[in-house]
Enquirer: 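Have a look at the structure that comes next, please.
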Amino acid sequence: MGCALSGPGVNHGARTAPEANESGVESGSGRGTGTGAWLKSEPLPLSEAQKGLIRESWKILHEDIARVGIIMFIRLFETHPECKDVFFIFRDIDDLQELKMSKELQAHGLRVMSFIEKSVARLSQEDKLEQIAFELGRSHCRYSAPPKYYEYVGVQFISAVKPIVKENWTQEVEDSWKSLFSYLTAVMKRGYHEEERKDGVNKANYGTQAPSVRPGATGSVQNDV
(Lines give C-alpha, C1' and ligand atoms only; values in the text may rest on other atoms or scores of the structure.)
Protein backbone atom coordinates (compact mmCIF):
# COMPACT_ATOMS: atom_id res chain seq x y z
CA MET A 1 0.00 0.00 0.00
CA GLY A 2 1.96 2.93 -0.06
CA CYS A 3 0.74 6.41 1.05
CA ALA A 4 -2.78 6.17 2.38
CA LEU A 5 -3.65 9.81 1.96
CA SER A 6 -7.41 9.84 1.93
CA GLY A 7 -9.65 11.58 4.41
CA PRO A 8 -10.17 15.11 5.72
CA GLY A 9 -7.28 17.45 5.13
CA VAL A 10 -6.35 16.12 1.72
CA ASN A 11 -6.42 18.38 -1.33
CA HIS A 12 -8.97 21.02 -0.45
CA GLY A 13 -10.34 21.20 -3.97
CA ALA A 14 -10.87 17.48 -4.41
CA ARG A 15 -13.99 15.99 -5.89
CA THR A 16 -16.41 13.96 -3.81
CA ALA A 17 -18.27 10.83 -4.83
CA PRO A 18 -20.28 8.05 -3.19
CA GLU A 19 -18.24 5.48 -1.33
CA ALA A 20 -18.88 1.79 -1.80
CA ASN A 21 -19.31 -0.58 1.10
CA GLU A 22 -17.89 -4.09 1.26
CA SER A 23 -20.81 -5.56 -0.64
CA GLY A 24 -19.87 -3.38 -3.63
CA VAL A 25 -22.91 -1.12 -3.28
CA GLU A 26 -22.45 2.61 -3.38
CA SER A 27 -23.68 4.15 -0.15
CA GLY A 28 -27.07 5.71 -0.59
CA SER A 29 -27.41 4.63 -4.19
CA GLY A 30 -28.63 1.05 -3.97
CA ARG A 31 -26.55 0.29 -7.06
CA GLY A 32 -23.90 -2.37 -7.31
CA THR A 33 -20.50 -1.23 -8.47
CA GLY A 34 -19.98 -4.29 -10.63
CA THR A 35 -17.63 -6.16 -8.31
CA GLY A 36 -16.87 -8.86 -10.85
CA ALA A 37 -15.98 -6.26 -13.44
CA TRP A 38 -13.33 -4.38 -11.51
CA LEU A 39 -11.85 -6.97 -9.17
CA LYS A 40 -9.30 -9.10 -10.97
CA SER A 41 -8.76 -11.40 -7.99
CA GLU A 42 -5.00 -11.30 -8.12
CA PRO A 43 -3.82 -13.81 -5.50
CA LEU A 44 -2.65 -12.64 -2.11
CA PRO A 45 1.07 -13.57 -2.04
CA LEU A 46 1.04 -14.85 1.55
CA SER A 47 1.24 -18.36 2.93
CA GLU A 48 -0.81 -19.34 5.97
CA ALA A 49 2.38 -19.19 8.02
CA GLN A 50 3.04 -15.62 6.87
CA LYS A 51 -0.53 -14.60 7.69
CA GLY A 52 0.02 -16.00 11.17
CA LEU A 53 3.21 -13.97 11.60
CA ILE A 54 1.39 -10.78 10.59
CA ARG A 55 -1.46 -11.47 13.01
CA GLU A 56 0.87 -12.20 15.91
CA SER A 57 3.01 -9.11 15.35
CA TRP A 58 -0.13 -6.99 15.01
CA LYS A 59 -1.29 -8.16 18.44
CA ILE A 60 1.96 -6.86 19.91
CA LEU A 61 1.87 -3.43 18.28
CA HIS A 62 -1.91 -2.92 18.46
CA GLU A 63 -1.73 -1.05 21.78
CA ASP A 64 0.67 1.48 20.23
CA ILE A 65 -1.16 2.17 16.98
CA ALA A 66 -1.64 5.88 17.73
CA ARG A 67 2.10 6.33 18.30
CA VAL A 68 2.97 4.22 15.27
CA GLY A 69 0.68 6.34 13.09
CA ILE A 70 2.42 9.56 14.13
CA ILE A 71 5.94 8.12 13.80
CA MET A 72 5.05 6.70 10.40
CA PHE A 73 3.94 10.04 8.97
CA ILE A 74 6.73 12.07 10.59
CA ARG A 75 9.28 9.74 8.98
CA LEU A 76 7.36 9.89 5.72
CA PHE A 77 7.57 13.69 5.69
CA GLU A 78 11.26 13.55 6.69
CA THR A 79 12.23 11.17 3.91
CA HIS A 80 9.76 12.39 1.28
CA PRO A 81 8.84 16.01 2.11
CA GLU A 82 6.98 16.30 -1.19
CA CYS A 83 4.26 14.10 0.33
CA LYS A 84 3.21 17.05 2.48
CA ASP A 85 1.95 18.78 -0.65
CA VAL A 86 -0.95 16.34 -0.75
CA PHE A 87 -2.10 17.57 2.68
CA PHE A 88 -3.17 21.20 2.53
CA ILE A 89 -3.25 21.40 6.35
CA PHE A 90 0.36 20.22 6.71
CA ARG A 91 1.83 21.82 3.61
CA ASP A 92 3.22 24.93 5.32
CA ILE A 93 4.35 23.32 8.59
CA ASP A 94 8.12 22.81 8.52
CA ASP A 95 8.61 22.21 12.25
CA LEU A 96 8.42 18.44 12.82
CA GLN A 97 7.81 18.96 16.54
CA GLU A 98 4.75 21.01 15.66
CA LEU A 99 3.61 18.25 13.33
CA LYS A 100 4.01 15.64 16.08
CA MET A 101 1.57 17.59 18.24
CA SER A 102 -0.93 18.08 15.42
CA LYS A 103 -4.34 16.58 16.24
CA GLU A 104 -5.04 16.35 12.52
CA LEU A 105 -1.91 14.27 11.97
CA GLN A 106 -2.81 12.02 14.91
CA ALA A 107 -6.30 11.52 13.50
CA HIS A 108 -5.00 10.73 10.02
CA GLY A 109 -2.43 8.34 11.41
CA LEU A 110 -5.21 6.49 13.24
CA ARG A 111 -7.26 6.27 10.04
CA VAL A 112 -4.34 4.67 8.22
CA MET A 113 -3.72 2.27 11.10
CA SER A 114 -7.43 1.41 11.07
CA PHE A 115 -7.13 0.42 7.41
CA ILE A 116 -4.13 -1.78 8.24
CA GLU A 117 -6.12 -3.35 11.08
CA LYS A 118 -9.01 -4.09 8.71
CA SER A 119 -6.56 -5.61 6.25
CA VAL A 120 -5.09 -7.90 8.91
CA ALA A 121 -8.61 -8.96 9.94
CA ARG A 122 -9.37 -9.93 6.32
CA LEU A 123 -6.28 -11.98 5.56
CA SER A 124 -8.46 -15.08 5.29
CA GLN A 125 -11.11 -13.25 3.24
CA GLU A 126 -9.14 -12.32 0.17
CA ASP A 127 -12.12 -11.02 -1.79
CA LYS A 128 -12.98 -8.55 0.99
CA LEU A 129 -9.34 -7.58 1.44
CA GLU A 130 -9.04 -6.86 -2.26
CA GLN A 131 -12.24 -4.85 -2.24
CA ILE A 132 -11.33 -2.52 0.63
CA ALA A 133 -7.92 -1.86 -0.94
CA PHE A 134 -9.51 -1.23 -4.34
CA GLU A 135 -12.02 1.21 -2.84
CA LEU A 136 -9.25 3.02 -0.96
CA GLY A 137 -7.43 3.45 -4.26
CA ARG A 138 -10.59 4.87 -5.82
CA SER A 139 -11.00 7.35 -2.97
CA HIS A 140 -7.36 8.40 -3.33
CA CYS A 141 -8.12 9.35 -6.93
CA ARG A 142 -11.02 11.50 -5.74
CA TYR A 143 -8.72 13.15 -3.20
CA SER A 144 -6.00 13.61 -5.85
CA ALA A 145 -3.44 11.54 -3.94
CA PRO A 146 -1.30 9.97 -6.72
CA PRO A 147 -0.12 6.33 -6.69
CA LYS A 148 3.57 7.26 -6.65
CA TYR A 149 3.29 7.86 -2.88
CA TYR A 150 1.57 4.61 -1.90
CA GLU A 151 4.60 2.37 -1.41
CA TYR A 152 6.24 4.86 0.97
CA VAL A 153 3.81 4.15 3.80
CA GLY A 154 4.63 0.44 3.97
CA VAL A 155 8.35 1.22 4.27
CA GLN A 156 7.77 3.73 7.08
CA PHE A 157 5.30 1.43 8.86
CA ILE A 158 7.90 -1.35 9.02
CA SER A 159 10.53 1.10 10.24
CA ALA A 160 8.19 2.38 12.97
CA VAL A 161 7.05 -1.00 14.32
CA LYS A 162 10.41 -2.78 14.50
CA PRO A 163 11.35 -1.20 17.87
CA ILE A 164 7.91 -2.01 19.27
CA VAL A 165 7.83 -5.67 18.27
CA LYS A 166 11.46 -5.98 19.46
CA GLU A 167 12.85 -9.52 19.58
CA ASN A 168 9.69 -10.88 17.96
CA TRP A 169 10.58 -9.00 14.77
CA THR A 170 12.36 -11.41 12.44
CA GLN A 171 13.26 -11.37 8.77
CA GLU A 172 10.30 -13.69 8.16
CA VAL A 173 7.95 -11.21 9.85
CA GLU A 174 9.40 -8.32 7.82
CA ASP A 175 9.10 -10.24 4.55
CA SER A 176 5.45 -11.06 5.36
CA TRP A 177 4.55 -7.41 5.98
CA LYS A 178 6.42 -6.35 2.84
CA SER A 179 4.42 -8.84 0.78
CA LEU A 180 1.14 -7.59 2.28
CA PHE A 181 1.95 -3.94 1.57
CA SER A 182 3.12 -4.78 -1.94
CA TYR A 183 -0.23 -6.48 -2.60
CA LEU A 184 -2.28 -3.64 -1.07
CA THR A 185 -0.33 -1.06 -3.07
CA ALA A 186 -0.92 -2.91 -6.34
CA VAL A 187 -4.67 -3.20 -5.71
CA MET A 188 -4.93 0.44 -4.61
CA LYS A 189 -3.19 1.55 -7.80
CA ARG A 190 -5.67 -0.48 -9.80
CA GLY A 191 -8.54 1.22 -7.96
CA TYR A 192 -7.01 4.64 -8.55
CA HIS A 193 -6.63 4.09 -12.29
CA GLU A 194 -10.14 2.61 -12.59
CA GLU A 195 -11.61 5.71 -10.93
CA GLU A 196 -9.42 7.91 -13.12
CA ARG A 197 -10.68 6.07 -16.22
CA LYS A 198 -14.32 6.40 -15.13
CA ASP A 199 -13.85 10.10 -14.42
CA GLY A 200 -12.35 10.60 -17.86
CA VAL A 201 -15.31 8.83 -19.48
CA ASN A 202 -17.78 10.90 -17.45
CA LYS A 203 -16.05 14.14 -18.38
CA ALA A 204 -15.99 13.13 -22.05
CA ASN A 205 -19.68 12.24 -21.98
CA TYR A 206 -20.58 15.46 -20.22
CA GLY A 207 -18.64 17.48 -22.73
CA THR A 208 -20.50 15.96 -25.69
CA GLN A 209 -24.01 16.42 -24.30
CA ALA A 210 -25.66 19.62 -25.46
CA PRO A 211 -28.36 20.93 -23.08
CA SER A 212 -31.83 20.63 -24.53
CA VAL A 213 -33.91 23.75 -25.01
CA ARG A 214 -37.64 23.46 -24.70
CA PRO A 215 -39.39 24.76 -27.84
CA GLY A 216 -40.61 28.30 -27.36
CA ALA A 217 -38.29 29.06 -24.44
CA THR A 218 -36.30 32.25 -24.78
CA GLY A 219 -32.94 32.60 -23.13
CA SER A 220 -33.47 29.69 -20.71
CA VAL A 221 -32.06 26.19 -20.70
CA GLN A 222 -34.40 23.37 -19.67
CA ASN A 223 -33.58 19.76 -18.93
CA ASP A 224 -35.73 17.14 -20.60
CA VAL A 225 -37.80 15.13 -18.15
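Counting from 1, the numbers follow the sequence of the chain as shown. The figures that follow rest on heavy atoms only: side chains count, while hydrogens, waters and symmetry mates do not.
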Enquirer: Is a side-chain donor-acceptor pair under 3.5 Å present for Trp177 with Ser57?
Expert: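 There is such a pair between these side chains.
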
Enquirer: Rounded at 0.5 Å granularity, tell me how far OG in Ser176 sits from CD1 in Ile158.
Expert: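 With rounding to 0.5 Å, OG (Ser176) is 9.5 Å from CD1 (Ile158).
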
Enquirer: Salt bridge check: are Lys51 and Glu48 linked by an N-O gap of less than 4.0 Å?
Expert: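 Here Lys51 pairs with Glu48 in a salt bridge, since their nearest N and O are under 4.0 Å apart.
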
Enquirer: Classify the side-chain pair Asp175/Gln171 by whether it contains a donor and acceptor separated by less than 3.5 Å.
Expert: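 The answer is yes; a qualifying pair exists.
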
Enquirer: Could you walk me through whether Ser124 and Arg55 pass side-chain hydrogen bond (donor to acceptor under 3.5 Å, both in side chains), step by step?
Expert: CA-CA 11 Å; Ser124 295; Arg55 293 188 186 103; 2.7 Å; yes

Enquirer: Between Lys189 and His140, is there a side-chain heavy-atom distance shorter than 4.5 Å?
Expert: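 No, too far: nothing below the 4.5 Å cut-off.
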
Enquirer: Look up atom OG in Ser119 and atom CZ in Phe181, then write down how far apart they are to the nearest 0.5 Å.
Expert: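 That separation rounds to 8.0 Å.
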
Enquirer: Can you tell me how far the CH2 atom of Trp58 sits from the CG atom of Leu123, to the nearest 0.5 Å?
Expert: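 One finds 11.0 Å between CH2 of Trp58 and CG of Leu123.
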
Enquirer: Taking the side chain as every heavy atom from C-beta outward, state whether Leu184 and Phe115 have any atom pair closer than 4.5 Å.
Expert: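 Answer yes - side chains close enough.
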
Enquirer: Is it true that Arg142 and Glu196 make a salt bridge, defined as a side-chain N closer than 4.0 Å to a carboxylate O?
Expert: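 Result for this pair is no, no salt bridge flagged.
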
Enquirer: Roughly how far, to the nearest 0.5 Å, is the CD1 atom of Ile54 from the CG atom of Leu180?
Expert: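 Result: 4.5 Å between the selected atoms.
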
Enquirer: Given the side-chain rings of Phe73 and His108, with only the six-membered ring counted for Trp, is the space between their centroids under 6.0 Å?
Expert: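 Yes, the ring of Phe73 comes within the 6.0 Å limit of the ring of His108, centre to centre.
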
Enquirer: How long is the span from the CD atom in Gln156 to the CZ atom in Phe77, to the nearest 0.5 Å?
Expert: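 Interatomic distance, Gln156 CD to Phe77 CZ, rounded to 0.5 Å: 11.0 Å.
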
Enquirer: What I'd like to find out is whether the side chain of Ile60 reaches to under 4.5 Å of the side chain of Glu56, using heavy atoms alone.
Expert: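 The answer is no; the side chains never approach within 4.5 Å.
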
Enquirer: Would you call Glu130-Arg122 a salt bridge at under 4.0 Å N-O?
Expert: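 No, Glu130 and Arg122 are not salt-bridged.
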
Enquirer: Contact between Tyr152 and Thr79 at the side-chain level, heavy atoms closer than 4.5 Å - yes or no?
Expert: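 No, too far: nothing below the 4.5 Å cut-off.
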
Enquirer: Quick one: pull up NZ in Lys166 and CG in Leu61 and give me the separation to the nearest 0.5 Å.
Expert: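 If I round to the nearest 0.5 Å, the distance is 12.5 Å.
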
Enquirer: Does the pair Glu194/Lys198 count as a salt bridge with the N-to-O cut at 4.0 Å?
Expert: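 Between Lys198 and Glu194 there is no salt bridge, as every charged N stays at least 4.0 Å from the carboxylate O atoms.
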
Enquirer: According to a 4.5 Å side-chain heavy-atom criterion applied to Ile, Leu, Val, Met, Phe, Trp and Tyr, with indirect links allowed, do Leu44 and Val120 form part of one hydrophobic cluster?
Expert: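 Same cluster.
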
